[in-house]
Amino acid sequence: AQSWDTNLVEQVGAALGAEARALGVDVLLGPGINIKREPRCGRNFEYFSEDPLLSGELGTAWVRGLQNRGVGASVKHFAANNQEHERMRVSADIDERPLFEIYLRAFQRVVTRARPWTVMAAYNRLNGTPVTENRWLLTEVLREQWGFDGVVVSDWGAVGDRVAALAAGLDLQMPGGYDEPDKQIVEAVESGLLDEERVDAMAARVIDLARKAEAGRRLTTTVDPDAHHALAREVAQRCVVLLKNDDGLLPLAPTGRIAVVGPFAVDARYQGGGSSHINPTRIDVPLDEVRRLAVDAEVAFAPGFSLTQDDDPVALREEAVRTASDADVAVVLLGHYRTSSSPR
């Protein structure tokens, strides 16, 4: 998002689409476009920004780039999934005006302009009602006001009541493979609790999604890892934010004595964990890159702290101080890491 460049983001979407298509992936679970409101939100690393217009514009470009390659998007997490504490049960209580002007605006922009194949319903409650059972959100707003005609899919394990969720407008419960929810739907229809036409509409949307996926598989595509790596580098370069450049320090001169401090210089921190973990085709190691570019410099490295707590922290700090003191300039790579016992 720091690039503010829709063309660049659309290129990223297209690259992701090509890779997904080559791997036989029909729907990619993204983009995440919730507003960054709580700094500890576990998905902040994949959400775009604090601004609904920026997030909406970039999310639209991302979806267009992806779906032009025959791969569907799953815009998430709809809606107001902004914190990690009690994520599965918390109620985001938001008045109507800020809800539409801040929390829903990016979703509205992506849905109406890019026509994503799917929208993912979040874990949390919205004004007391679970999002997966919130008819006002999933049917009145998403379908009737915004004209969404794709599939509403749940986040994994977000459905508590399958019949109530279907009645509210949720089509596809994830993960699948369980017979009990299907039995509940059949019983609800037979008892008159659930309208059969609603089930038919849900099934029709899922069938339509399968047809889109089938058509996408017929598109031929090739993946160029070198080109995609170059694109990732361009994105990183275009998103660097330089707040102040005292005395014209940057760019660094490729001469003299350079100290590189921090374990992330050799163990790059470049992604989140859990279900968002990815296996990269290539990683540029910061320390190696400094040495490659500063061919006429003396480059020294000191970790400064340990990612595993196996080493003496005092000795590591003292070593880092000495290394930096002996250099003309120090490049320090810092970041969040988690040990087996506590976050640091």
Side-chain angles (χ1 to χ4, degrees), residues 26-27 29 32-34 72-83 85-96 99-100 103-104 107-108 110-112 115-214 275:
D26 296 317
V27 177
L29 303 183
I33 60 172
N34 276 299
S74 190
V75 182
K76 61 179 189 174
H77 304 84
F78 191 61
N81 182 96
N82 303 100
Q83 70 180 60
H85 180 65
E86 295 288 343
R87 183 185 185 200
M88 304 288 287
R89 294 185 294 271
V90 69
S91 177
D93 297 332
I94 308 170
D95 290 339
E96 185 171 301
L99 182 61
F100 275 98
Y103 296 92
L104 298 183
F107 287 98
Q108 180 182 13
V110 176
V111 165
T112 57
R115 299 181 64 83
W117 292 8
T118 75
V119 168
M120 183 185 291
Y123 287 118
N124 54 280
R125 299 170 183 263
L126 180 61
N127 293 328
T129 303
V131 164
T132 54
E133 301 172 21
N134 196 314
R135 188 182 186 281
W136 175 83
L137 182 68
L138 301 184
T139 297
E140 295 181 25
V141 173
L142 181 60
R143 295 203 185 278
E144 295 174 1
Q145 294 185 26
W146 299 349
F148 179 66
D149 59 0
V151 167
V152 177
V153 57
S154 78
D155 205 337
W156 268 235
V159 175
D161 186 327
R162 181 67 180 105
V163 174
L166 197 158
L170 187 130
D171 301 306
L172 186 60
Q173 176 180 350
M174 294 300 291
Y178 302 100
D179 293 334
E180 187 59 31
D182 295 336
K183 293 178 181 178
Q184 293 171 358
I185 292 172
V186 171
E187 293 172 356
V189 171
E190 291 176 344
S191 67
L193 182 63
L194 188 63
D195 190 343
E196 186 174 349
E197 292 182 359
R198 185 174 293 275
V199 180
D200 291 341
M202 173 204 70
R205 286 191 287 266
V206 174
I207 291 171
D208 183 60
L209 176 63
R211 288 173 175 163
K212 288 177 180 176
E214 184 179 11
S275 62

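Computed from heavy atoms alone, side chains included, the values below leave out hydrogens, waters and symmetry copies.
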- Which atom of L138 lies closest to which atom of A168, heavy atoms considered: CB-O, 3.6 Å
- Kindly say whether H77 contributes a backbone atom to a donor-acceptor pair with the side chain of N34 at under 3.5 angstrom? yes
- What's the shortest heavy-atom distance between L99 and I94, and which atoms? N-CG2, 3.6 Å
- Taking every heavy atom of V131 against every heavy atom of L137, the minimum-distance pair comes out as CG1-CD2, 3.9 Å
- Item | S154 side-chain N/O to Q173 backbone N/O, donor-acceptor pair under 3.5 Å | no
- Spell out, as yes or no, whether a donor-acceptor pair under 3.5 Å connects the side chain of T118 to the backbone of A73. yes
- Query: Is D26 salt-bridged to K212, cutoff N-O under 4.0 Å?
  - Reply: no
- Query: How close do L126 and A92 get, heavy atom to heavy atom, and via which atoms?
  - Reply: CD1-O, 3.4 Å
- Message: Under the side-chain contact (heavy atoms from CB on, under 4.5 Å) test against V111, which residue among V141, L142, L104, V75 passes?
- Response: L142
- Message: Between N124 and R87 (side chain of the first, backbone of the second, donor and acceptor by atom type, cut-off under 3.5 Å), is there such a pair?
- Response: no
- Backbone N or O of A188 within a donor-acceptor pair of the S191 side chain at under 3.5 Å? yes
- Message: Looking at R115, I'd like to know if its CZ atom is crowded, meaning that more than 12 non-hydrogen atoms belonging to other residues, nucleotides or ligands lie closer than 6.0 Å.
- Response: no
- Item | Heavy-atom closest pair, residues L166 and R198 | O-CD, 3.4 Å
- Query: Of the non-hydrogen atoms in I185 and V199, which two are nearest, and what is the gap between them?
  - Reply: CG2-CG2, 4.0 Å
- Message: Is it the case that the side chain of R143 and the backbone of F148 share a donor-acceptor pair, with hydrogens and angles ignored and the cut-off at 3.5 Å?
- Response: yes
- Could you tell me whether a side-chain N or O of Y123 sits under 3.5 Å from a main-chain N or O of W156, the two making a donor and an acceptor? yes
- Query: If you draw a 6.0 Å radius around CD in E180, do more than 12 non-hydrogen atoms from other residues or ligands fall strictly inside?
  - Reply: yes
- Task: Using atom types as modelled and distance alone, determine if a side-chain donor or acceptor of D155 lies under 3.5 Å from a backbone N or O of F78.
- Result: no
